[in-house]
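Structure record follows, encoded as structure tokens.
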Amino acid sequence: MYALVDAVAFYASAETVFDPTIRKRPVVVLTNNDGCICATSPEARKLKIPKFEPYFKLKPYLEQHNVIVRSSNYELYADLSSRMMNVIGRFCDNQYIYSIDESFLQFTGFASIIDDWHAYGQQIRLAVWRETKLPVGVGFGITPTLSKAANHAAKKLDGYNGVAVINDGYSANEVLAKMSVTDVWGIGGRLGKKLNILGIHTALDLKKQSPKTMRKQFSVVVERTVEELNGKICLSWDEVKQPKQEIFSTRSFGERITDVNELKSSLITHCSIVGKKLRHQGSMTKRLMIFAHSSPHEDNFYKRNFLYDFPVPTSDSRIMANAVSEVLPHIFNEGVRFYKAGLGAVDLCSEQFMQSDLFNTTSDNRKLMDSLDNINKIFGKGTLRLASEQQSQSWEMRRNFLSPRYTTRWQDIPKIQC
DNA sequence: TCTGGGGTCCTAGGACCC
DNA sequence: TCTGGGGTCCTAGGACCC
């Protein structure tokens, strides 16, 4: 049995944890640079506020309806996320944190002998609410995809009250019949349209398709989805948890950049982020994709990509930073107003099976990077960093509606007046 | 003033090789 | 009429998720 536990409108809910005055009001949270709307509270959803539309286009509508607007407060969300995950983890010894607000649980052996899953789900919800004031939905299913579907039902369909259980074909059909095909994990708007043409409208319709035909007409992803809806596990636990095949860090700038050193320091900051993620999952990269571009909404769109191959795979941020310095002249161009830049590790291998080079003398110093990670873990992000990382604040992202970092900054700790 | 997120995986098609 | 193989690697773009 699998479970998927995730928060209801996580970012929006997180904003309400320390500010109860906005709990019953429509709240939206914006992406980096206050660009788009990325989360909407249930009250905001009732106003039919679409997600991922540019903020400036919806601003008049939001003001008209007195909607609370917040910038992304990642410091707060990350901290609340780890508290929430800790609580959820107590309910199963096999937890996989899938994203900032979602975690899969796998129940095997004795753990799978729970006679009332509904009650167990309610216990999880109650514990998370008590300890974090975050509302979560719990979906149980015999495959990961079915647990996702159950989670959808738990939160979005009437009559489930936050918990849904799919433990056989019958309960699967009951839930899937009420779901649109695009509510299924892995089926988005584009595929949805094509499936509609074939007369497939509900998730149940999709379940009844032949997996082989779906593979031919669409892809291996759709085939697997159909199998999973039928109770056949394709995304095995190991597969769900598989290490990433590529790791990117990219950011658009709060203000356009025209200076070569600013571009360089931003790219090197991305090296640190990618390096840390690589080390965290025990991978190394043989190749780095480094890019920068102007605004795609402008005329004369300027974009440069550069692939850099390492002689020996690495996860050392400093070696990646050297690659950036080397490549920079090929990417930078005088007069271009850079809008976004970033890089990605695109050819990963496990550090366990790393092939070394007999003639390589500049081998990376893994211990140094581990110490850096540990120090930053204890004393906070950025305590120890590369000298060439981001110094100037001029292109820091715009966050005009930022709430206090209640749990991660001494100055912002909530004060109780007696 | 002028505004437009970030991350991951898959696939079709092109280039190139023998 | 007019036709032509098979494999690998690379890349851009598509699609999905939150």
Side-chain angles (χ1 to χ4, degrees), chain A residues 4 6-14 28-40 50-60 69 71-72 74 77 81 97-104 137 144-145 148 151-152 155 181-195 215-225 235 239-256 270 273-274 277-278 281 283 286-287 289 291 293-298 301 303-307 309 337 339-348 397-401:
Chain A
L4 180 70
D6 77 347
V8 178
F10 179 59
Y11 289 0
S13 298
V28 300
V29 179
L30 309 179
T31 57
N32 282 340
N33 293 321
D34 297 335
C36 293
I37 292 171
C38 70
T40 52
K51 280 210 234 170
F52 303 107
E53 282 287 314
Y55 166 60
F56 74 92
K57 285 187 179 171
L58 283 160
K59 198 174 166 195
V69 177
S71 303
S72 283
Y74 289 112
Y77 308 153
S81 167
I97 296 172
Y98 183 70
S99 74
I100 192 161
D101 81 318
E102 291 173 281
S103 90
F104 278 105
T145 304
K148 266 271 194 186
N151 179 279
H152 174 89
K155 295 195 306 186
V181 71
T182 51
D183 293 332
V184 175
W185 192 27
I187 308 293
R190 303 292 179 98
L191 274 170
K193 274 195 187 122
K194 290 179 192 167
L195 290 165
R215 185 193 191 123
K216 263 187 217 147
Q217 296 216 24
F218 300 102
S219 69
V220 61
V221 182
V222 181
E223 180 193 26
R224 266 190 245 150
T225 301
L235 302 162
E239 223 161 317
V240 174
K241 288 169 50 168
Q242 260 191 9
K244 292 181 174 42
Q245 296 168 32
E246 51 186 46
I247 292 175
F248 273 79
S249 174
T250 71
R251 206 68 69 210
S252 43
F253 305 116
E255 279 168 36
R256 306 290 156 87
H270 292 303
I273 296 169
V274 167
K277 288 186 185 175
L278 281 172
Q281 76 161 21
S283 295
K286 288 177 225 164
R287 170 173 271 191
M289 209 273 270
F291 77 90
H293 60 77
S294 64
S295 167
H297 306 289
E298 265 169 30
F301 179 49
K303 177 169 186 174
R304 290 290 179 276
N305 278 0
F306 202 96
L307 284 170
D309 286 299
R337 298 171 68 234
Y339 166 83
K340 185 174 183 173
L343 50 86
V346 290
D347 191 357
L348 307 192
M397 59 178 146
R398 274 192 308 277
R399 293 202 282 182
N400 292 335
F401 315 103

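Quick caveat: nothing in here was measured; it's all calculated off a predicted structure. Numbered from 1 within each chain, the chains take letters A, B, ... in sequence-line order.
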In whole Å, what is the span from the CZ atom of A:Phe52 to the C1' atom of C:dA15?
15 Å
May I ask you to say what A:Phe10 touches in the nucleic acid, namely base, sugar-phosphate or nothing, with a heavy-atom cut-off under 4.0 Å?
nothing
Distance col, row A:Glu255:CD vs A:Arg337:CZ, nearest 0.5 angstrom, shows 10.0 Å
Go through it in stages, so that I can follow the logic: the residues are A:Ile37 and A:Val29, the test is side chain to side chain contact (heavy atoms under 4.5 Å, CB included), and I'd like the CA-CA distance, side-chain angles, deciding distance and then a yes or no.
CA-CA 6 Å; A:Ile37 292 171; A:Val29 179; over 6 Å; no
A:Trp185 side-chain proximity, nearest of B:dG6, B:dG4, C:dC17:
C:dC17
With a 4.0 Å cut-off on heavy atoms, is A:Ile100 in touch with a base, just the backbone sugar-phosphate, or nothing at all?
nothing
Contact under 4.0 Å: A:Lys193 side-chain N or O vs C:dG14 OP1/OP2:
no
As its Watson-Crick or G-U partner within any shown strand, both distances under 3.5 Å, C:dT8 has B:dA15
Atom CZ of A:Arg398 and atom P of B:dG6 are separated, to the nearest Å, by 11 Å
Which nucleotide wins on minimum distance to the side chain of A:Phe248, given the candidates B:dT8, C:dC18, B:dG5?
B:dT8
Find the distance A:Asp309:CG to C:dC9:C1' and express it as a whole number of Å.
12 Å
If you check the A:Gln245 side chain, which of C:dC18, B:dT8, B:dC10 turns out closest?
B:dC10
Please state whether the rings of A:Phe291 and A:His293 are parallel, tilted or perpendicular, taking 30° and 60° as the class boundaries.
parallel
Let's see if you can work this out: which of C:dA15, B:dG4, B:dC10 has an atom nearest to the side-chain heavy atoms of A:Arg190?
C:dA15
Name the nucleic acid region contacted by A:Ser249, choosing base, sugar-phosphate or nothing; use a 4.0 angstrom heavy-atom cut-off, strictly under.
sugar-phosphate
Integer-rounded Å distance: B:dT3 P and A:Phe401 CZ:
16 Å
I want to verify a distance call: between B:dG5, B:dC10, B:dG7, whose nearest atom is closest to the A:Val221 side chain?
B:dC10
Which nucleotide sits closest to the side chain of A:Asn305: C:dA12, C:dC16, C:dT11?
C:dA12
Considering all heavy atoms, the nearest A:Thr250-A:Leu343 contact
CG2-N, 4.4 Å
Base, sugar-phosphate or nothing for A:Glu102? Non-hydrogen atoms, less than 4.0 Å.
sugar-phosphate
In this structure, CZ of A:Phe248 is separated from NZ of A:Lys277 (nearest 0.5 Å) by 11.0 Å
So, is A:Ser219 close to the C:dA15 phosphate, meaning a side-chain N or O under 4.0 Å from OP1 or OP2?
no
From B:dG5, B:dT11, C:dT11, pick the nucleotide closest to the side chain of A:Arg287?
C:dT11
Measure the distance between the ring centre of A:Tyr98 and the centre of the six-membered base ring of C:dC18, then answer whether it is under 5.5 Å with planes under 30°.
no
Choose from C:dC18, B:dG6, B:dG7 the nucleotide whose nearest atom is closest to any side-chain atom of A:Asn32.
B:dG6
Side chain of A:Thr250: nearest nucleotide among C:dA15, C:dC18, B:dG7?
B:dG7
If you only use heavy atoms from C-beta on, which nucleotide in C:dA15, B:dG4, B:dT11 is closest to the side chain of A:Tyr339?
B:dG4
Strictly below 4.0 Å: does A:Lys51 bring a side-chain N or O up to OP1 or OP2 of C:dC17?
no
Give the rounded distance in Å between these two atoms: OH of A:Tyr74 and P of B:dG6.
8 Å
Criterion side chain to side chain contact (heavy atoms under 4.5 Å, CB included) on A:Ile247 and A:Gln281, from CA distance to verdict:
CA-CA 10 Å; A:Ile247 292 175; A:Gln281 76 161 21; 4.0 Å; yes
Integer-rounded Å distance: B:dT3 P and A:Arg256 CZ:
7 Å
By the 4.0 Å heavy-atom rule, please label A:Gly189 as base, sugar-phosphate, or nothing.
sugar-phosphate
A:Val184 near the nucleic acid: base, sugar-phosphate alone, or nothing, with a heavy-atom cut-off under 4.0 Å?
sugar-phosphate
Counting any heavy atom closer than 4.0 Å, what does A:Asp101 reach on the DNA or RNA strands: base, sugar-phosphate only, or nothing?
sugar-phosphate
